[in-house]
Amino acid sequence: VRSSAASDVYKRQVSTQSTGSILQKGDKFMSHKETKLRGSCGCGNVTYLASFPFAYATHCHCSMCRKVHGAAFATFYSTASLELTEKTEKIKIFHSSSFAHRGFCPNCSSVIFMKYSDEPFYWITGGTLDNQDIENLPTASLTCLQPQSHIFVKDKAKWYSIEDKLTQYQESPKV
């Protein structure tokens, strides 16, 4: 069982047996598509490239997402690859459950991604995508930026009312 406390900043020589990967500048994950979107944390110390188009987009209402993001929900995009750029010196990992971990900036604490241990892709946080790449996308490509669902609706903030017509799942469907 993983601890739900933030781990120390990973260094390249440290093994991560619980996650099977280390996140450092220049690391590449999974296959790369031709199009990459840039993203960054609030202070700019963590920057990344994510493969695009995204396979799935969702708003998560689980209590962990609400607490970690300080909001009614967190918006995530699934990406087949995530590459931390050369500018990124380090990223911290928070083992938020026995089956998932989150990567965040050690300086400003912006959550960059979430990764389930049983899935090959990363869920990047929507708020960290940089607008300049999105503004240059063809209009037809923008549809995969629109969330398809709300997940963990059973845990949503009692003060928040979902007003859109997106599919609502009480938990999380397999995507």
Set of salt bridge (Lys or Arg N to Asp or Glu O under 4.0 Å) partners for E163, sequence neighbours left out: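 None.
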Salt bridge (Lys or Arg N to Asp or Glu O under 4.0 Å) partners of D164, counting only residues at least two apart: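 Listed in chain order: nothing, the list is empty.
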Heavy-atom side-chain proximity of L82 to F113 below 4.5 angstrom: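 Answer yes - side chains close enough.
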Side-chain touch C108/N45, heavy atoms, less than 4.5 angstrom: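 They are not in side-chain contact.
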side-chain hydrogen bond (donor to acceptor under 3.5 Å, both in side chains) involving T128 - partner list, sequence neighbours excluded: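 Y48, T125.
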Qualifying residues under side-chain hydrogen bond (donor to acceptor under 3.5 Å, both in side chains), relative to E171, sequence neighbours excluded: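 With sequence neighbours excluded, E171 shows a side-chain hydrogen bond (donor to acceptor under 3.5 Å, both in side chains) to K154, given in chain and number order.
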Pairing residues for F54 by the ring pair (Phe, Tyr, Trp, His ring centres under 6.0 Å) criterion, not counting sequence neighbours: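 Applying ring pair (Phe, Tyr, Trp, His ring centres under 6.0 Å) to F54 gives F52, Y77.
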Residue pairs fulfilling salt bridge (charged side-chain N to carboxylate O under 4.0 Å, His left out) with at least one residue in residues 43-57, sequence neighbours excluded: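 Checked against salt bridge (charged side-chain N to carboxylate O under 4.0 Å, His left out) - neighbours excluded - no pair reaches residues 43-57.
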Sequence neighbours excluded, every pair satisfying salt bridge (charged side-chain N to carboxylate O under 4.0 Å, His left out) that has a member inside residues 37-54: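 Qualifying pairs: R38-D133.
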Candidate pair V46 and T85, rule side-chain contact (heavy atoms from CB on, under 4.5 Å), full reasoning: CA-CA 8 Å; V46 174; T85 65; over 6 Å; no
Let me have the donor-acceptor pairs involving side chains of residues 63-70, under 3.5 Å, with sequence neighbours excluded, atom names and distances please.
unit_1	atom_1	unit_2	atom_2	d
R66	NE	H61	O	3.3
R66	NE	D155	O	3.1
R66	NH2	D155	O	3.0

Check: H59 main-chain N/O paired with T75 side-chain donor or acceptor under 3.5 Å: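 Flag not set: sc T75 to bb H59 has no pair under 3.5 Å.
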Residue list, side-chain contact (heavy atoms from CB on, under 4.5 Å) with N136, at least two apart or on another chain: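 Applying side-chain contact (heavy atoms from CB on, under 4.5 Å) to N136 gives none.
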S149: side-chain contact (heavy atoms from CB on, under 4.5 Å) partners, not counting sequence neighbours: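 side-chain contact (heavy atoms from CB on, under 4.5 Å) check on S149 returns Y56, T58, I151, T167, Y169.
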Plane angle bin for F76 and W123 - parallel if under 30°, tilted between 30 and 60°, otherwise perpendicular: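 W123 and F76: perpendicular rings.
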Hydrophobic cluster of L49, others only, ordered by chain and residue number, side-chain cut-off 4.5 Å: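 Traced through the cluster, L49 reaches no other member.
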ILVMFWY clustering at 4.5 Å (side-chain atoms), partners of Y160: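 Other cluster members: F73, V153, W159, I162.
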Six-ring centre of Y122, K115 cation under 6.0 angstrom, axis tolerance 45°: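 Verdict for Y122: a cation-pi partner in K115.
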